[in-house]
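Numbered from 1 within each chain, the chains take letters A, B, ... in sequence-line order.
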Amino acid sequence: MKDSGFELPLPHPFDFQLCLNYMARSPFECLYTTDTLGVNRLVKVGVAKRLIRVTCPHGRMMQVQLLQGVSLAKEELEELTRYIRNWFDLDRDLEPFIQMSEGDPLLGQLIESFSGLRIVGIPDLFEALCWAIVGQQVNLTFAYKLKQRLTEHYGDAAEWEGVVYRMFPSPEQFASVSIESLLSLQLTRNKAMTILDVASRMTSGELSRERLLKLSDSESIDKELTKIRGIGPWTAQYVRMRCLGDQTALPIGDVGLQNAVKKMLGLNQKPTPSELRALFEQWPGWESYVTFYLWRTLY
DNA sequence: CACCAGGACGGGA
DNA sequence: TCCCGTCATGGT
């Protein structure tokens, strides 16, 4: 059967290979598979699960294939397109960012290495929140394992050409999950309670991506998120950065960010939060991109 | 065994 | 408001 799908024009600059490199950074990633040419992933479109493959043949257009050969209704097509745009941050104009790097040693170095890398997003709010929560104060290797366990225990899956593709579980799928079962997956009690609380709030509709985006300013969003026990400033910033498309998000307490700055500037010790704030005042409006690029220098 | 990891919370200045 | 100890759990 001939593959169905569609193409999206690419913004400039855009480097798909750098995005792929980022996505391929952990062997424990369970929500998509990458190869030299692209990424495969199971996504929910409307009520259906669709297996897609994203590539950029010749680097000219982004090609989105529906691997199971289904064709999409108009609304589904629009929803999937939105998802892809959020995933690869296609609507961002990076030219001002590039221009800002001129005469800036640190930023210049980052652009030199990563120009065209877009913030690879997590369009699904629940997935983004849970990923941040499991990633609190643990090394990334373990965070990936926790995400994998949650996904394999509670998420949906589909098989294609002998490979199993999985989706992160929905909030509804946590409705009947107990704290104890999460503890058995090596989550701490606090993380388990926070995830169930978030799932409940999202199931009821009290918490949603749309609602957060409607809030006028970033501080309201932070307040809305950090009122949930177990979600602190780092998690709120992280979610604004990876899910809500907020360029100004700055996870100031992030140990990876601190280590990256220490490494880039050749410091003897990690910068303090106030030193980080002062440093980032050079890049107003681009805090999240600088953060994302700095993270890339660590691996 | 010690120290670290893409933190959060609560108490006390 | 800021600072600091504590908690929690696997990695290295």
Side-chain angles (χ1 to χ4, degrees), chain A residues 19 21-31 110 114 117-122 127-150 152-153 168 179-198 201 219 221-244 246-265 267-280 287-299:
Chain A
C19 297
N21 293 347
Y22 169 76
M23 291 191 284
R25 73 194 164 137
S26 171
F28 295 109
E29 176 60 61
C30 60
L31 296 180
L110 290 176
F114 305 117
L117 171 65
R118 304 252 153 183
I119 290 182
V120 178
I122 306 175
E127 180 190 325
L129 277 166
C130 289
W131 174 233
I133 291 164
V134 301
Q136 289 167 357
Q137 188 59 21
V138 299
N139 63 70
L140 274 177
T141 304
F142 183 50
Y144 274 107
K145 287 183 182 175
L146 290 177
K147 181 170 84 164
Q148 181 177 33
R149 290 173 193 164
L150 291 174
E152 291 183 355
H153 277 259
F168 193 77
I179 296 275
E180 286 67 31
S181 52
L182 293 180
L183 293 181
S184 72
L185 303 183
Q186 306 308 117
L187 286 149
T188 64
R189 184 171 293 273
N190 279 337
K191 288 184 179 183
M193 289 194 296
T194 304
I195 286 175
L196 293 185
D197 186 14
V198 167
R201 289 170 190 258
E219 287 160 14
I221 297 178
D222 284 345
K223 195 180 296 181
E224 195 66 17
L225 288 173
T226 55
K227 74 181 186 188
I228 301 170
R229 194 170 189 288
I231 294 184
W234 177 85
T235 301
Q237 299 286 338
Y238 187 90
V239 166
R240 273 170 47 208
M241 172 178 166
R242 298 287 309 277
C243 180
L244 304 181
D246 186 345
Q247 296 185 111
T248 70
L250 176 58
I252 198 78
D254 184 275
V255 65
L257 180 58
Q258 295 165 11
N259 285 331
V261 168
K262 176 187 170 191
K263 182 177 174 184
M264 287 289 288
L265 298 181
L267 307 176
N268 292 321
Q269 51 195 9
K270 290 187 285 190
T272 66
S274 65
E275 288 171 335
L276 270 183
R277 275 191 204 294
L279 180 67
F280 269 81
E287 290 85 349
S288 64
Y289 260 87
V290 176
T291 297
F292 196 67
Y293 282 20
L294 281 168
W295 279 343
R296 294 308 292 142
T297 67
L298 292 174
Y299 302 100

Open item on the list: Just to be sure I understand the rule, does A:L298 reach a base, reach only the sugar-phosphate, or reach nothing, if contact means heavy atoms closer than 4.0 Å?
Closed with: nothing
TODO: Check whether any side-chain N or O of A:Y299 sits under 3.5 Å from a backbone N or O of A:S26 as a donor-acceptor pair, and report yes or no.
DONE: no
Task: Atom pair distance, as rounded to whole Å: CH2 in A:W131 and P in B:dG7 - done: 11 Å
Task: Shortest side-chain distance from A:N139, nucleotide among C:dG10, C:dA8, B:dG7 - done: C:dG10
TODO: Could you tell me the separation between the NZ atom of A:K270 and the CG atom of A:L257, rounded to the nearest 0.5 Å?
DONE: 11.0 Å
Task: Below 4.0 Å: OP1/OP2 of C:dG10 and any side-chain N or O of A:K191 - done: no
- [ ] Go through the N and O atoms of the side chain of A:Q137 and the base of B:dA5, and report whether any donor-acceptor pair is under 3.5 Å.
- [x] yes
TODO: Round to a whole Å and report the spacing from CG of A:N259 to P of B:dC4.
DONE: 10 Å
Open item on the list: Does a side-chain N or O of A:R229 approach OP1 or OP2 of B:dG10 to a distance below 4.0 Å, or not?
Closed with: yes
TODO: Output the distance between atom CH2 (A:W131) and atom CZ (A:R242), rounded to the nearest 0.5 Å.
DONE: 8.5 Å
Open item on the list: Distance check needed: B:dC3 P versus A:Q269 CD, whole Å only.
Closed with: 17 Å
Open item on the list: Please pick, from C:dT9, B:dA5, B:dA8, the nucleotide with the shortest atom-to-atom distance to any side-chain atom of A:F142.
Closed with: C:dT9
Task: Nearest-nucleotide comparison on DNA chain B, the residue closer to the 5′ end among A:G230 and A:D254 - done: A:D254
TODO: Let me know the distance between NZ of A:K270 and P of B:dC3, rounded to the nearest Å.
DONE: 13 Å
TODO: Measure the distance from CD1 on A:I133 to P on C:dA8 and round it to the nearest whole Å.
DONE: 18 Å
Task: Spatial distance of atom CG (A:L182) from atom OG1 (A:T194) [nearest 0.5 Å] - done: 11.0 Å
TODO: Among B:dA8, C:dT12, C:dT9, find the nucleotide with the atom closest to the side chain of A:T141.
DONE: C:dT12
Open item on the list: Taking A:F114's backbone N and O only, do any of them form a donor-acceptor pair with A:Y293's side chain (distance below 3.5 Å, no angle check)?
Closed with: yes
Task: Basic-acidic side-chain contact under 4.0 Å: A:K147, A:E29 - done: yes
- [ ] Scan A:T235 against the nucleic acid and name what it touches under 4.0 Å (heavy atoms): base, sugar-phosphate only, or nothing.
- [x] sugar-phosphate
- [ ] Please work out if A:V255 contacts a base, only the sugar-phosphate, or nothing of the nucleic acid, heavy-atom cut-off 4.0 Å.
- [x] sugar-phosphate
Task: Whole angstrom value for the distance that separates C1' of B:dA8 from CD1 of A:I195 - done: 14 Å
Open item on the list: Just N and O in the side chain of A:N190: are any of them under 4.0 Å from OP1 or OP2 of B:dC9?
Closed with: no
- [ ] Have a look at A:R242 and say if it touches a base, only the backbone sugar-phosphate, or nothing, with a 4.0 Å heavy-atom cut-off.
- [x] base
Open item on the list: Mind checking if A:L140 touches a base, just sugar-phosphate, or nothing, with heavy atoms under 4.0 Å?
Closed with: base
- [ ] Determine the contact category for A:Y299: base if any of its heavy atoms lies under 4.0 Å from a base atom, sugar-phosphate if only primed atoms, P, OP1 or OP2 are that close, otherwise nothing.
- [x] base
Open item on the list: Any side-chain N or O of A:K145 below 4.0 angstrom from OP1/OP2 of C:dG11?
Closed with: yes
Open item on the list: Nearest whole Å is fine: how far is C:dG10 P from A:L183 CG?
Closed with: 11 Å
Task: Separation of atom CG in A:L257 from atom P in B:dA5, rounded to whole Å - done: 13 Å
